[in-house]
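Before any comments, here is the structure.
Keep in mind that what you see is a predicted model, and the values were worked out from it rather than measured.
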Amino acid sequence: LPRDGAGLAALAEKKRGGWTEHAERLARLTLDILKLWHALQKRFKGKIDLAQAVALNDIKRQLANLVYPGFVRETPAEWLKEVPRYLKAIEQRFDKISAQLQRDRVWTGELNACWEQYLARTAKHAKEGKRDPELQLYRWMLEEYRVSLFAQQLGTRMAVADKRLGKQWVLVEAADQTDAAVAEF
């Protein structure tokens, strides 16, 4: 990365030719995401089976955390390109929800516990002005885990299961403890 104004100007000049192509790729990806998101929003219209309320609320929360004002800017590029797959997994979950209602409830409970844990740590880090790459990886592992539970045929970017999520959480906690030890020193 450039360390001064001249370095930034040189890098900008070097990469200027690729900006249009990159912007077009990003615009296509964003359009694909928004089309999928819009189609999913339509599925919430009409009569809703109360037995599916827990799953539908979980889906709404997941959608709100994937597509929101500024998501293109705030989502790391490596994960932004995965969002269409996450949205397709939600489509498949919608299609299967009535057939596997009990399993969906169990998985939703497990995912909610992980998500609440993530949110609490994110809030703590925000207060401390800290950015933890291990916590960010955990966040996206949760999305991959959702794919593995609800739409296995789409495949995951990495091997993920409840045990791997647990191991990643241990890394998040270890990073916090290391930071606390350094701050005391």
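- Taken to the nearest 0.5 Å, the CZ atom of Arg139 stands 7.5 Å off from the OG1 atom of Thr75.
- Partners of Trp37 according to the ring pair (Phe, Tyr, Trp, His ring centres under 6.0 Å) rule, which considers only residues two or more places apart in sequence or in another chain, do not exist here.
- The side chain to side chain donor-acceptor pair (under 3.5 Å) pairs that include a residue from residues 147-158 are Glu78-Arg157, Gln92-Gln153, where partners are two or more places apart or lie in different chains.
- Remark: Gln41 CD to Leu34 CG distance equals 11.0 Å, nearest 0.5 Å.
- Taken to the nearest 0.5 Å, the NE2 atom of His125 stands 5.0 Å off from the CG atom of Asp132.
- For the salt bridge (Lys or Arg N to Asp or Glu O under 4.0 Å) test, residues two or more places apart in sequence or in another chain that qualify with Arg61 are Glu116.
- Screening residues 83-106 for ring pair (Phe, Tyr, Trp, His ring centres under 6.0 Å), with sequence neighbours left out, gives Phe44-Phe94.
- Annotation: salt bridge (Lys or Arg N to Asp or Glu O under 4.0 Å) contacts of Glu128 (sequence neighbours excluded): Lys124.
- Residues Met158 and Met141 meet the side-chain proximity criterion, which asks for heavy atoms closer than 4.5 Å.
- To the nearest 0.5 angstrom, Leu40 atom CG is 12.5 Å from Lys60 atom NZ.
- Not one N or O on the side chain of Gln168 forms a donor-acceptor pair closer than 3.5 Å with the backbone of Leu137.
- Residue Asp162 holds its CG atom at 11.0 Å from NZ of Lys167, rounded to the nearest 0.5 Å.
- Looking at every heavy atom in both residues, Cys114 comes nearest to Leu142 through CB-CD2, 3.4 Å.
- Considering only residues two or more places apart in sequence or on other chains, Tyr118 meets the ring pair (Phe, Tyr, Trp, His ring centres under 6.0 Å) condition with Trp115.
- Looking at Leu26 and Leu80, their side chains come closer than 4.5 Å, going by heavy atoms from C-beta outward.
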* Asked: Is there a side chain to side chain contact (heavy atoms under 4.5 Å, CB included) between Val83 and Leu36 once you walk through the steps?
  -> CA-CA 10 Å; Val83 171; Leu36 289 165; over 6 Å; no
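- Remark: Arg85 pairs with Glu82, Glu144 by the salt bridge (Lys or Arg N to Asp or Glu O under 4.0 Å) rule, at least two apart or across chains.
- In this structure, Arg93 and Asp58 have side chains that are in contact, with non-hydrogen atoms separated by less than 4.5 Å.
- For Tyr138, the ring pair (Phe, Tyr, Trp, His ring centres under 6.0 Å) partners at least two apart in sequence or on another chain are Trp169.
- Applying the side chain to side chain donor-acceptor pair (under 3.5 Å) test to every pair with at least one member in residues 3-16, sequence neighbours left out, gives these pairs: Glu13-Arg16.
- Within the structure, the salt bridge (charged side-chain N to carboxylate O under 4.0 Å, His left out) test picks out the following pairs touching residues 34-43 (sequence neighbours left out): Arg43-Asp95.
- At a threshold of 4.0 Å, the pair Asp32-Lys81 does not count as salt-bridged, since none of the basic side-chain nitrogens sits closer than that to a carboxylate oxygen.
- In this structure, Ala89 and Leu154 approach most closely via the heavy-atom pair N-CD1, 3.4 Å.
- Across every non-hydrogen atom of Ser98 and Gln52, the tightest pair is CB-NE2, 3.6 Å.
- The local environment of NZ in Lys88 is sparse, with at most 12 non-hydrogen atoms from other residues, nucleotides or ligands closer than 6.0 Å.
- Considering every non-hydrogen atom in both Ile97 and Ala55, the closest pair reads CD1-CB, 3.0 Å.
- Under the 4.5 Å side-chain heavy-atom criterion for ILVMFWY residues, no single connected hydrophobic cluster contains both Val160 and Val170.
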Could you walk me through whether Leu111 and Phe150 pass the side chain to side chain contact (heavy atoms under 4.5 Å, CB included) check?
CA-CA 12 Å; Leu111 288 162; Phe150 300 112; 3.6 Å; yes
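- Residues in residues 64-83 take part in these ring pair (Phe, Tyr, Trp, His ring centres under 6.0 Å) pairs, two or more places apart or across chains: Trp79-Trp140.
- Pairing each heavy atom of Lys130 with each of Ala175, the nearest pair is NZ-O, 4.2 Å.
- In this view, Tyr145 satisfies the ring pair (Phe, Tyr, Trp, His ring centres under 6.0 Å) rule with no residue, not counting sequence neighbours.
- Rounding to the nearest 0.5 Å places CG of Leu171 at 12.0 Å from CG of Asp176.
- In this structure, Leu66 and Glu143 have side chains that are in contact, with non-hydrogen atoms separated by less than 4.5 Å.
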